[in-house]
Novice: 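There's a structure below that I have some questions on.
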Amino acid sequence: MSIDHLDLPQLCAARGTVHLPGSKSLSNRLLLLAALATGRTELGDLLLSDDTARMLAALRILGVGVEPGEGKALCITGVAGDFPVRAADLFLGNAGTAFRPLTAVLALARGDYCLSGVPRMHERPIGDLVDALRQLGAQINYQGVEGFPPLRIRPPMPCSNDVVQVRGDVSSQFLTGLLMALPLRGIETTVEVVGELISRPYIDITLASMARFGVEVRRDGWRRFTVPAGSAYRSPGLVQVEGDASSASYFLALGAIGGGPLRVEGIGPDSIQGDVRFADALSAMGARISAGAHWIEAAAPLVGRLRGIDLDCNHIPDAAMTLATTALFADGPTTLRHIASWRVKETDRIAAMATELRKLGASVEEGADYLRIDPPVGGLHAAAIDTYDDHRMAMACSLAALGTPLRINDPQTVAKTFPDYFARFAEVGQAVPVIAIDGTSASGKGTIAIRVAQALGWHYLDSGALYRLTALAARHAGTAWDDEDTVAAIAAGLDVEFGDHAIILAGEEVSDAIRSEEISVGASRVAALPAVRAALLFRQRAFRRSPGLVADGRDMGSVVFPDAMIKVFLTASAEMRAMRRHKQLIEKGMAASIADLLLDLRERDERDSQRSVAPMQQSADAELLDTTNHTIDSAVAQVLDWVSKGLQKR
Ligand code: DC
């Protein structure tokens, strides 16, 4: 099932241990090399995600043997450089680490293949790789736009060229693909890199992976790479895949911002993955980093906040996205330079990141190949983050939860490299605590909730006020309370400010207006409409800010804050509630009859508890508090007692 959004509570701390999924870069390289090799390879801790699934599916279609191995390992039976299936259509989604090297390998193989992907893949340039392969006799045609996938590949023409030139300044994956394919030629071939080679650490991963499979590339600086004659891949048997260094960056940043210590397991400081250097960048920002052979740990500075930095990110292009959101928590601006390659990734990451950081309240300057981020003054804004079908946008932006409640749209995009990212995130992030006080109308919820919030110094949410405001705004707009779509749009766009003693709707003080009996009835009507409830959900969750929230309503514990630390269901006899409401109204100088109020209350209880969405009900994990015979003081004392026990357990 795809979910269209995920609401993250504000986190007050992050600590613990995360076992990392296998590296994406290593997994897809090792899969392809194992497929091309002679012999059988067992790959342990391989990443199982969308990108590796694309590679695996393609290899299976090409006739490579893939079977489960011990535990989570996969066994690949190689084809010794010659795919048995000579004609195939391969769909590779948005997996650049599958598309580029498969293009190179298949262009030097002996079949007739079509390679395509999702629309974004068809916007990602591949012309530089195709130009290089054509120098070696490859026959590749563009099926759509010149220079971009989809591609049709036919068997190469005989060709004895032993030098090939490839551009290195757009994507290092072109050089990677070419190098991995060259052993298929059998003759010594030298690659000359034209232009500055970007993302060099990824070339190190390529060379190290090829070496594991018996092919030693001779490297002359970062300009010339030679694959010797007679090179052929041989399986080394068992290969253990390191944890993903880019995936590690999110958790290290969480530890650095959220206190820590937060440990990632499966990777050490000597990793061949370039993104492991992200830890140095965090350290430059003032985070405390420690490490062992197979783990790295991050914690916040002992005193003060993280520092803003000015960094050339060429060596950590992917993990640099994590720095962009870490920068929101620094004491000054951060500038990330040399990141032009972001523009041709899953999305234009420079533009996307600038847009989302601005939603969170940061000032962002966007250049052709840099971003400068000034943290928001006065805290992060709650925002709904778009993820652009880009796993790293989703994961990098999730860090903002350390400063604000957050909505992540299309969160399942993380499946590209880290399918259970948000489950791991929830394990190490400590959410701001919530006390949910639900119950019947006029049971004293509001009074008790405010008193509890004051006693703790926490924020307070009167969720009923949002339904009341919606009813009032609908009335002002001349909209009927049962016109679901229009009322939901009104709810979504409410221009409301909650002051200490006043509620301002579109510039007008409405604290008393929303308490009239007429609007009480309207609130109960609009609250029964599912689209209205959905429209108000994130607005309510956005109240969950440090150090804590006391929320009162009907579905605080069941729907809005199901993970609330303490849930209370408050009620009192209908007669007692009618008397209390009567007293309140008389004190405010409003006329009222107890009999009418009793009737109204019963009708509202009925509607609130019978409606199909989020009906008022005592959830199994809620404490029942009947205030018929309680004073306010004793009810408040009871709730505070539950809270102190709840806080002790955290
Ligand atoms: O708590 P209150 O009386 O101010 O609530 C006004 C109306 O809004 C009430 O009829 C129930 C509805 N409501 C709701 O459905 N869900 C909430 N969380 C809060 C109030």
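The basis for the numbers below is simple: all heavy atoms, side chains too, and nothing from hydrogens, waters or symmetry mates. Each ligand, and each atom within it, is numbered from 1 in the order the structure gives. By convention here, the first residue in the shown sequence is residue 1.
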Novice: Which side-chain hydrogen bond (donor to acceptor under 3.5 Å, both in side chains) pairs, counting each pair once, include a residue from residues 319-330, with sequence neighbours left out?
Specialist: Ser249-Thr322

Novice: Evaluate the side-chain contact (heavy atoms from CB on, under 4.5 Å) criterion for residues Phe251 and Tyr421: first the C-alpha distance (whole Å), next the side-chain angles of each, then the deciding distance (0.1 Å), finally the verdict.
Specialist: CA-CA 10 Å; Phe251 294 101; Tyr421 174 74; 3.6 Å; yes

Novice: Got a donor-acceptor contact below 3.5 angstrom from the Thr627 side chain to the Thr571 backbone?
Specialist: yes

Novice: Quick one: do Asp331 and Arg307 make a salt bridge, cutoff under 4.0 Å?
Specialist: no

Novice: Does the pair Asp389/Arg120 count as a salt bridge with the N-to-O cut at 4.0 Å?
Specialist: no

Novice: Between the side chain of Lys567 and the main-chain N/O of Pro562, is any donor-acceptor distance below 3.5 Å?
Specialist: yes

Novice: Does ligand 1 have any N/O pairs with the protein under 3.5 Å, and how far apart?
Specialist:
from, atom 1, to, atom 2, distance (Å)
ligand 1, 1 (O), Arg554, NH1, 2.9
ligand 1, 1 (O), Arg554, NH2, 3.4
ligand 1, 3 (O), Arg468, NH2, 3.0
ligand 1, 3 (O), Arg554, NH2, 3.3
ligand 1, 4 (O), Arg468, NE, 2.7
ligand 1, 4 (O), Arg468, NH2, 3.4
ligand 1, 10 (O), Asp608, OD1, 3.3
ligand 1, 10 (O), Asp608, OD2, 3.2
ligand 1, 15 (O), Arg533, NH1, 2.9
ligand 1, 15 (O), Arg533, NH2, 3.4
ligand 1, 15 (O), Arg611, NH1, 2.8
ligand 1, 15 (O), Arg611, NH2, 2.9
ligand 1, 16 (N), Arg533, NH2, 3.0
ligand 1, 18 (N), Ser463, OG, 2.9
ligand 1, 18 (N), Arg554, N, 3.0
ligand 1, 18 (N), Asp555, OD1, 2.8

